[in-house]
S.K.: 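One structure coming up, written as structure tokens, with questions to follow.
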Amino acid sequence: MKNLEIAALFNEIADLLEIKGESTFRVNAYRRAARSLENLAEDVEAVADRGELDQIPGVGKSLAEKISEYLRTGKIGYHQELLRELPHGITTLMRVPGLGPKTALLLYEHLGITTLDQLEQAAREGRLRGLPRMGKKTEENILRGIEQVRRQSTRLPLGAVLPVAEELVAALREARGVGEVSVAGSLRRMRDTIGDIDVLVTASRPEHAMEVFTTHPLVAQVLSRGTTRSSVVLRNGMQADLRVVERSSFGAALQYFTGSKDHNVKLRERAVRMGLKVNEYGVFRAEDDRRVAGRTEEEVYAAVKLPWIPPELREDQGEIEAAERGKLPRLVTREDIRGDLHMHTKWSDGQATAEEMAHAARQLGYEYICITDHSQSLKFAGGVSIDDLRDHIRQVRRLSERLDGITVLIGSEVDILADGTLDYPDEVLRELDVVIASVHSRFRMDTQAMTDRILRAMRNRYVTMIGHPTGRLLGQRDPYSVDVERLVAGARETGTILELNAQPDRLDLKDAHVRLAKEHGVQVAIGTDAHSPAELRFMEFGVGTARRGWLEPQDVVNTLPLKKLLARLRQKRGG
DNA sequence: GCCGTTTTCGGCCCGACTGTTTTCAGTCG
């Protein structure tokens with residue numbers, strides 16, 4: 001999969017063009033195409049083979065040609081040309097917050113700086129302050145910025161950020177004079193990773209809200225503090241922004257700062273065509289600047305003749321067109337979820353008993369759960385022997401009889417062995433309600449072998465679903481090399497469900513793949529893979545990702561009531 | 001460089017904040 005490699009090259013070309021002072025529109029064209037490639041569910045090579053590169057949003061004739069060139073030669077000539085004018089390292093300077101293309105060029109031309117190390121040294125020696133528009137303060141900011149880049153250059157998983165954001169939101173809700181409070185940005189869109197936290201409030205005393213925010217115990221450093229916006233760095237290294245907006249503009253500001261950028265650009269272009277102007281203060285008539293909307297998001301969308309669009313869809317992936325035609329999906333919600341089919345207990349590497357998990361699930365309002373401990377070969381995770389599994393089956397059946405208000409099913413998360421066979425024989429699998437087949441070993445196979453391996457497991461009639469189908473661990477491990485399109489096609493053929501694993505560092509399948517599954521009529525099961533009662537709450541992250549993949553309740557098997565679920569689970573076995 | 005209910009040229013978002021300046025450039029979102 002060369003999607004990310006090409007996206008990175010386009011981003012570097014954009015940086016280089018920006019440093020050269022090229023038209024921002026041209027620069028943005030490269031950035032937009034890069035984002036498109038990052039979000040593409042498909043292998044760009046497959047798109048190229050079909051001759052459909054120019055169908056990718058933001059990719060026209062010129063960029064399609066550059067993509068083909070890269071696929072052919074592993075290089076982009078234009079990129080090489082730019083690198084003959086400017087050194088590669090100069091773009092890394094732009095990763096320092098507050099340091100943009102103009103400053104990068106200045107540093108290079110005057111001091112020959114092309115690396116963070118050189119920049120740090122120059123700043124420490126006080127050599128920056130002699131340059132135009134550079135003072136002592138800028139020097140200090142650059143040093144702090146370098147530290148920030150080194151400490152944490154990547155985005156954090158949604159699951160690590162949401163609790164922190166909720167703490168900030170709670171503190172602001174309690175602050176005197178604060179009215180509305182909402183997170184915005186990628187957090188509100190439930191992206192799998194988050195770059196920074198955006199919070200919006202209305203406040204009768206803005207300075208007090210700013211005080212509460214900038215002095216919160218989670219704050220490590222205040223970057224800026226104004227009357228309408230303040231920025232801080234939190235203890236976890238992440239940046240957080242608070243904006244105070246007028247009540248009459250709250251909806252417009254929320255829409256604006258929720259993004260995504262591409263969604264907003266398209267929305268504003270639509271507004272312009274309708275003789276309107278959309279900004280963070282409201283929707284205005286172009287002719288006389290009269291405000292026609294702004295208090296709520298619904299109002300803003302209505303002003304451009306669209307229904308309200310759920311934040312999870314706002315990625316310019318066809319949602320505006322769907323809204324226009326009244327074809328927005330009725331997205332699945334947490335309340336639609338009736339049970340959780342993937343969790344572990346003390347029988348393998350979990351922390352609680354089956355009964356404790358069942359009680360916790362009942363608290364969440366579930367009708368059913370399924371206990372799915374690891375299979376025998378997964379020794380380090382306490383894999384269950386066949387004899388023990390038979391005992392567990394009896395115990396869970398008794399437990400389910402005994403408990404009121406919830407049904408406990410028994411299953412297993414069975415290893416897919418290197419050759420695609422399973423870690424228990426069929427006569428054991430057939431006694432289980434749910435068989436989740438997962439890859440936990442031999443990650444480094446090539447695409448063909450890995451895909452064949454999983455497809456073989458799918459062809460087993462007792463395999464209900466494939467667990468965490470791509471094996472990624474956000475920020476820790478890349479997905480194993482697998483052809484998701486072939487997996488989806490295989491799932492479709494065999495009637496196998498694909499899991500959307502809701503562990504915050506997995507979220508696997510990811511949003512784009514979830515959508516691909518839906519488009520091919522493949523159903524998904526959202527499972528938490530919980531290893532403790534508390535982790536059952538990870539369902540929220542899974543639902544967020546499902547919504548980003550446009551899933552409706554009927555696309556998710558664990559929205560089914562128990563009877564229908566059992567029928568669905570038996571379907572593949574042929575009754 | 002892309003894109004099209006203003007279609008093959010001429011748009012493409014724009015306001016807030018900082019640090020330096022003495023009226024604004026650079027950066028960010």
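Numbers restart at 1 for each chain; the letters A, B, ... are given by sequence-line order, proteins then strands.
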S.K.: Consider only side-chain N and O atoms of Glu5(A) and Asn3(A), and report whether a donor and an acceptor are under 3.5 Å apart.
M.R.: no
S.K.: For DNA chain B, produce a single dot-bracket line, 5' to 3'. Pairs: Watson-Crick or G-U wobble, both distances under 3.5 Å. Symbols: ( ) within strand, [ ] crossing, | other strand, . unpaired.
M.R.: ((((....)))).((((((....))))))
S.K.: If you measure from the Lys or Arg side-chain nitrogens to the Asp or Glu carboxylate oxygens, is any gap between Glu139(A) and Arg129(A) under 4.0 Å?
M.R.: yes
S.K.: Under 6.0 Å from the ring centre and within 45 degrees of the ring axis: does the NZ or CZ of Lys66(A) meet both conditions for the six-membered ring of Tyr78(A)?
M.R.: yes
S.K.: Over all strands shown, is Pro101(A) touching base, sugar-phosphate only, or nothing at heavy-atom distances under 4.0 angstrom?
M.R.: sugar-phosphate
S.K.: Using the C1' atom in both, what is the distance from dG11(B) to dT6(B), to the nearest Å?
M.R.: 10 Å
S.K.: Give one of base, sugar-phosphate or nothing for Thr24(A), where a contact means two heavy atoms less than 4.0 Å apart.
M.R.: nothing
S.K.: Between Glu269(A) and Arg273(A), is the closest basic N to carboxylate O distance under 4.0 Å?
M.R.: no
S.K.: Below 4.0 angstrom, N of the basic side chain to O of the carboxylate: do Arg189(A) and Asp511(A) qualify?
M.R.: no
S.K.: How does protein contact run along nucleotides 10-19 of chain B, one letter per nucleotide 5' to 3', with B for base contact, S for sugar-phosphate only, - for none, heavy atoms under 4.0 Å?
M.R.: --BB-SSSSB
S.K.: Hey, are Glu120(A) and Arg124(A) close enough for a salt bridge, meaning a charged N less than 4.0 Å from a carboxylate O?
M.R.: yes
S.K.: Provide the distance between the two C1' atoms, one in dT8(B) and one in dG1(B), to the nearest whole Å.
M.R.: 14 Å
S.K.: Just the rounded figure in Å: distance from P of dT20(B) to CG of Leu128(A).
M.R.: 11 Å
S.K.: Return the 5'-most residue of the pair Met274(A), Glu139(A) with respect to DNA chain B, ranking by each residue's nearest nucleotide.
M.R.: Met274(A)
S.K.: Report the distance from atom CG of Asp196(A) to atom P of dC28(B), rounded to the nearest whole Å.
M.R.: 12 Å
S.K.: Rounded to whole Å, please give me the gap between CD1 in Ile56(A) and C1' in dC3(B).
M.R.: 16 Å
S.K.: Using the C1' atom on both, measure dC28(B) against dC13(B) and round to a whole Å.
M.R.: 13 Å
S.K.: For the side chain of Lys66(A), counting heavy atoms from C-beta on, which of dT6(B), dG1(B), dG29(B) is nearest?
M.R.: dG1(B)
S.K.: Which whole-number value in Å describes the distance from Leu63(A) CG to dC3(B) P?
M.R.: 9 Å
S.K.: Gln239(A) has an atom CD; how far is it from atom C1' of dC28(B), in whole Å?
M.R.: 9 Å
S.K.: Provide, to the nearest angstrom, the distance between the CG atom belonging to Leu99(A) and the P atom belonging to dA25(B).
M.R.: 19 Å
S.K.: Can you tell me, in whole Å, how much space there is between the P of dC2(B) and that of dG15(B)?
M.R.: 28 Å
S.K.: Could you tell me whether Arg229(A) and Asp198(A) have a side-chain N and a carboxylate O separated by less than 4.0 Å?
M.R.: no
S.K.: Would you kindly say whether Glu246(A) and Tyr281(A) are connected by a side-chain donor-acceptor distance under 3.5 Å?
M.R.: no
S.K.: Please tell me which of the listed nucleotides, dG1(B), dG26(B), dG29(B), lies nearest to the side chain of Lys102(A)?
M.R.: dG26(B)
S.K.: Quote, to the nearest angstrom, the C1' distance that separates dT20(B) from dG26(B).
M.R.: 11 Å
S.K.: How long is the straight-line distance from OG of Ser249(A) back to CZ of Arg243(A), given to the nearest 0.5 Å?
M.R.: 13.5 Å
S.K.: Using the P atom on both, measure dT27(B) against dT21(B) and round to a whole Å.
M.R.: 16 Å
S.K.: Which whole-number value in Å describes the distance from Lys266(A) NZ to dC2(B) C1'?
M.R.: 11 Å
S.K.: Do Glu42(A) and Arg50(A) sit within salt-bridge range, that is, some charged N less than 4.0 Å from a carboxylate O?
M.R.: yes
S.K.: In this structure, how many angstroms lie between the P atom of dG29(B) and the CD1 atom of Ile197(A), rounded?
M.R.: 14 Å
